[in-house]
Number of protein chains: 4
Amino acid sequence: MELTVANRPLNIALVGYGFMGRTHSNAFLQTPRFFAVPYQPVLKAVVARNPDRLRKFADNWGYQSVETDWRAVVERKDIDLVDIASPNDTHAEIAIAAARAGKMVLCEKPLGRTAAEAQAMVSAVESAKVANMVWYNYRRVPAVVLLTWLIDEGKLGRIFHYRAQFLQDWTISAELPQGGEGLWRLDVDVAGSGVTGDLLAHCIDTALWLNGSIAEVTAMTETFIKERTHTATGKVQPVGIDDASAFLCRFTNGSLALFEATRYARGHKALYTLEINGEHASARWDLHDLHRLQWFDHRDEGRLRGWRSIHITDSDHPYMKHWWVPAAPTFRDGLATDCVTDAVLKSAKSRQWEKP
Amino acid sequence: MELTVANRPLNIALVGYGFMGRTHSNAFLQTPRFFAVPYQPVLKAVVARNPDRLRKFADNWGYQSVETDWRAVVERKDIDLVDIASPNDTHAEIAIAAARAGKMVLCEKPLGRTAAEAQAMVSAVESAKVANMVWYNYRRVPAVVLLTWLIDEGKLGRIFHYRAQFLQDWTISAELPQGGEGLWRLDVDVAGSGVTGDLLAHCIDTALWLNGSIAEVTAMTETFIKERTHTATGKVQPVGIDDASAFLCRFTNGSLALFEATRYARGHKALYTLEINGEHASARWDLHDLHRLQWFDHRDEGRLRGWRSIHITDSDHPYMKHWWVPAAPTFRDGLATDCVTDAVLKSAKSRQWEKP
Amino acid sequence: MELTVANRPLNIALVGYGFMGRTHSNAFLQTPRFFAVPYQPVLKAVVARNPDRLRKFADNWGYQSVETDWRAVVERKDIDLVDIASPNDTHAEIAIAAARAGKMVLCEKPLGRTAAEAQAMVSAVESAKVANMVWYNYRRVPAVVLLTWLIDEGKLGRIFHYRAQFLQDWTISAELPQGGEGLWRLDVDVAGSGVTGDLLAHCIDTALWLNGSIAEVTAMTETFIKERTHTATGKVQPVGIDDASAFLCRFTNGSLALFEATRYARGHKALYTLEINGEHASARWDLHDLHRLQWFDHRDEGRLRGWRSIHITDSDHPYMKHWWVPAAPTFRDGLATDCVTDAVLKSAKSRQWEKP
Amino acid sequence: MELTVANRPLNIALVGYGFMGRTHSNAFLQTPRFFAVPYQPVLKAVVARNPDRLRKFADNWGYQSVETDWRAVVERKDIDLVDIASPNDTHAEIAIAAARAGKMVLCEKPLGRTAAEAQAMVSAVESAKVANMVWYNYRRVPAVVLLTWLIDEGKLGRIFHYRAQFLQDWTISAELPQGGEGLWRLDVDVAGSGVTGDLLAHCIDTALWLNGSIAEVTAMTETFIKERTHTATGKVQPVGIDDASAFLCRFTNGSLALFEATRYARGHKALYTLEINGEHASARWDLHDLHRLQWFDHRDEGRLRGWRSIHITDSDHPYMKHWWVPAAPTFRDGLATDCVTDAVLKSAKSRQWEKP
């Protein structure tokens, strides 16, 4: 792999130092070492509220400065890009302010807690004409990229079916509180929704990319544990998030699909699988076997036809020779997913088919 | 395995000599050789309309006589049991007549083309007090039986999720006619429905057995190839069956489920998989790996916790020591499945949640 | 599949009613029902020493008569074929007598306890010009047959490697006696050897068929449990069989190979796997996934290259359309395997490379 | 995971900038970010002969200085540790000089081209009393570490079998030259041996760690492509390395083992698998499924017994809570492996069993 030294600095301010803050920091440091990128990411500042933990985090990852208020980095002249890795309820306000200040904006998924929030964010970045991206990371998996190539080349023919699931099991215990360190995903005010915005959103983003837009959905959601202690109040309160979410849908291209996400599937830490069935060929991908694409092509010689396990390692595979595709998914892509998750949540309440 | 010689003859008349007629004939011959059963099946008669093929079939499997009208075997005194393996549109009439004649009745699935047909069949066998069974064969798979034992023992705890799919790919070609030899499953008048009654019905029967009754469903169906030549008329006619069918549902026990069946999933000949997730444990079964149960128990020691691939071969496994469970699924069980498939087809049209 | 009624009777006398006696009986009954064969097997007689169990066995499988001395069936005029499924120490005597009496002879593997015994058997059947076959059943697995076709077509190119293993775990307990019902495989006088003749022999037979002759071997064997109660004497006696056996070898075609068999591999009931690596392609087969061939062809388009899991179910696969290949492996083939197992056992003692 | 800021600098000089130079550089940068280590690695200097590529490499990974002669870093006072990632023929000279200069020494595997070279290196580091380690990286795989714990706890009981293989396919083309950029592994003078020192050495190192010492071996090696163009001379010359290598052995604990490595197994990029069978339990690991340990425990309840796929992700798994085990494998461990590879190469020539 050809490496050329990147020479234009890109000054980054990260907001949030949780699990995603760590993974983004790592990505910023690793990218220029493995890919010939035109920018040199500079870890200029990290923002969070707890000063002690913030200092530790900054030291660990090599951030040059710390701030306890995100407004500071939006105002700082030496920041080119604001990366939002803080809880969902902060996305819109920070993104809009950063865009207005002319910063490039990266934002964790889901873009907004609702499509309305996401729409405001899209308007802000598009008015400000700033680069923007939502961290739907599975779009960068080489096996998934290869699949988009195959679909675009028409190798699957007419698409009949799509199905995806994202199964976890980490919230089964009734002892888990809602809210607090690492658990804000259980607090509906902060997260917006439960697995619909957290896990289904991943499945939807990939599906929109691979299979086009969704025409209508019928959905169901469930909250298995109805009450949990809230860390903010110390009291047992009703749980507002959805623990499980599933929907049937029709894509604009006429194909049928099933989607499911849950945090109550014992034995699965993060089983994201997807499958697409076309007239001529089918493909299947599984996050647990990240760098393989399962591929079946009916036009192979009958005697030797079978599912192929393609290990994405050769030089003609995605990212082996080429720099990756330019910034996408954009905020507009993120909005599209939020429109679907809104329709899912609406259908689960209305018990009707709904359009995104 | 202890074998004792069976000594009471059971005189069987088989109706139909297609794929299912072959498998039933084989089962009748093999059972007493491998299990200590109280009856000796006797292949007394086989019924079908084409005399030449009928004769060949009878010779091949050793039937003692042939009939070209099923009424003959219903009337014959030397017949104890009528086994219906003919197309779906013949089930009700034959079963009801056979029951009234005091015969035991076995019937291929689905029991009726509609729940109404099935209800009439149930009434007939229950009034006549004759033994009756529907051929939902997957209830006899040792791995599935083991799973019912584990569920009954409470090893899974509260059930959160169930999911099942049955994927095939044999009708993708638009050249395939509807109706005719081996293709009556594409003719809606004969079959009653497409994959809903043919494939989903299997998934539903197993699910009802494992997870109890279904409270409500929301469904979608699709006919991808809208017109096919009809072998009866030689003309291109609208296709009345569903090529694909999927539904979301809630079980009475509060668990959520997804079901899907299709004949348009390239690369899958007969991929029937099911998974059930409980509070403490999960299990998964795949028809392609018939004699294994995948089992995850959260109460295993954490360090060594993992999905187990249990090969059903030891003496404490189902059917290794014991004769199998008495006749089930009964017609009443078959009716329960028909009620769900009716609700699925109704929901697909009404675009509403429907109760079985 | 076309079925024509077989009309020439083939009168069979089976010697032995153990596990293999059951499988042969089943095969004789099932074959004409699923394949258009020119003979109709007739279960004329079964031979064994225990009259009660013999009667039960005969009733279960439908044998017309029983004999307690194998000499009786060799002499009977109404017997066309003698099938030897009794312990290894009986193979040579019965086969030679049967051949001299002009009977066709089928014999369980290994053919002889030694190559010398096998040679005498080959001479007998070849002098008598009677049909003969050794029951190396894996030659009839469609996936293995497909592999031979691919090799013969040159799809693999020059062969570099072959490897096979047969792993079991049923003799780990030191409590198991040697000899007696179902345990004669642990008695060296009866069995001739342990896993070398029992399990390795299967691996060798398939390998000779797929990859040609073996030029030389270096081997090791081990008896892990040195003493076991002998059922004949009731005394604890040294164990004479090999519990595990492995060898390296070079084939005449220049390829290198590893073979291993054991009954001390916890967790494996009957894991027979084989793999062959050629210049252009590789293939892998696993008894636990009987009807699949794993296939990798380097000449596939690079981007889509991967191991294919070929499910042997389509009409262009072995046995789907055609009657199977004529009688092989013959006794001469069985002798070839015995020559290799002799060389393995010799090398394990001499600690030298040995030629078969 | 608790992270504390490392504060003692560890000044590193890397020799070599090939594939291994890159992975070591990455490891030095990443380790303190993910583990609470007592040292802060400082990339002080990198050494190689091509100044242009060296400069690029240093810029990419952030090395503070470059040197074109390794003697320079051995002499520099500001270097604490010399890390040897250059071709095998340089290991001994550099390691010995570095040790004598009092530097800590890390060295790529195999330690020496022969056990004699390795012995001199061990003597040097032990006389100088400097910290030393060979980069047998698979000892740091959490699943492999877990396996050593289980073995040490006696969960497997008496060990019967061990088997390992390392299969690649990258040298099948006869067009590949020997020697030159990235191809020194094909030049026997530089590499010392072929797959024996390169791939088998990995298998042996893990095996010695898991299963103790090897008593004796019988081996075979092969060079399939006998002549290749040598990049040094531009001429077609005999190939001196082994393309494939396999051996049988007995461990001191009485268990039997098979080992195989090759670069001629089509379809395998780096298939390192190992399996160990004990009286009570078996385990299997596969580099392609890096973070899983396959585990079978016969003492599990019979009905639910099966191979478990343990995903090493929970907090009680290796490295999840604890800092890793102190520096091993040492040079002495590396010597042990070289003694086995010497015995393998010797046995392949002598055609005798040899002791390491």
Side-chain angles (χ1 to χ4, degrees), chain B residues 1 141-157 210 273-286 288-322 324-325, chain D residues 1 141-157 210 273-286 288-322 324-325:
Chain B
M1 156 178 32
V141 172
V144 176
V145 175
L146 175 61
L147 177 50
T148 64
W149 294 1
L150 299 173
I151 294 171
D152 289 350
E153 292 166 16
K155 280 195 185 295
L156 283 84
L210 293 173
T273 65
L274 65 86
E275 178 166 342
I276 184 165
N277 304 132
E279 189 182 354
H280 306 305
S282 289
R284 190 176 161 75
W285 176 77
D286 178 343
H288 283 223
D289 205 1
L290 185 63
H291 291 304
R292 290 184 191 271
L293 183 71
Q294 305 299 322
W295 175 249
F296 180 93
D297 193 331
H298 187 65
R299 288 164 304 193
D300 280 342
E301 182 193 355
R303 219 176 38 154
L304 298 177
R305 202 182 284 146
W307 281 86
R308 298 182 189 196
S309 177
I310 305 173
H311 202 175
I312 314 293
T313 53
D314 283 333
S315 58
D316 41 6
H317 281 140
Y319 304 156
M320 290 298 151
K321 277 186 195 155
H322 316 288
W324 50 44
V325 285
Chain D
M1 152 179 37
V141 172
V144 176
V145 175
L146 174 61
L147 178 50
T148 66
W149 294 1
L150 299 174
I151 294 171
D152 289 352
E153 292 166 16
K155 280 195 185 294
L156 284 83
L210 293 173
T273 65
L274 65 86
E275 178 167 341
I276 184 164
N277 303 132
E279 189 182 354
H280 305 307
S282 288
R284 189 174 163 78
W285 175 77
D286 178 343
H288 283 222
D289 205 3
L290 186 63
H291 292 305
R292 290 184 191 270
L293 183 70
Q294 306 299 322
W295 175 249
F296 180 94
D297 193 330
H298 186 65
R299 288 163 304 191
D300 280 343
E301 181 193 356
R303 217 176 40 153
L304 298 177
R305 202 183 282 144
W307 281 86
R308 299 183 191 195
S309 177
I310 305 172
H311 202 176
I312 313 294
T313 54
D314 284 333
S315 58
D316 42 5
H317 281 142
Y319 303 156
M320 290 297 151
K321 279 188 195 153
H322 316 288
W324 50 41
V325 286

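Chain identifiers are assigned alphabetically (A, B, ...) following the order of the sequence lines, protein sequences preceding nucleic acid strands; residue numbering begins at 1 within each chain.
At least one side-chain heavy atom of D/Leu150 sits less than 4.5 Å from a side-chain heavy atom of B/Leu304.
Ranked by heavy-atom pairs under 4.5 Å with chain B, the first of D/Trp295, D/Trp307, D/Phe296 is D/Trp307.
Of all heavy-atom pairs spanning D/Arg303 and B/Glu153, the tightest one is NH1-OE2, 2.7 Å.
For B/Asp300, the part lying near chain D is the side chain, with the backbone staying farther off; criterion is any non-hydrogen pair under 4.5 Å.
Separating the NE2 atom in B/His311 from the CZ atom in D/Arg305 is a distance of 14.0 Å, to the nearest 0.5 Å.
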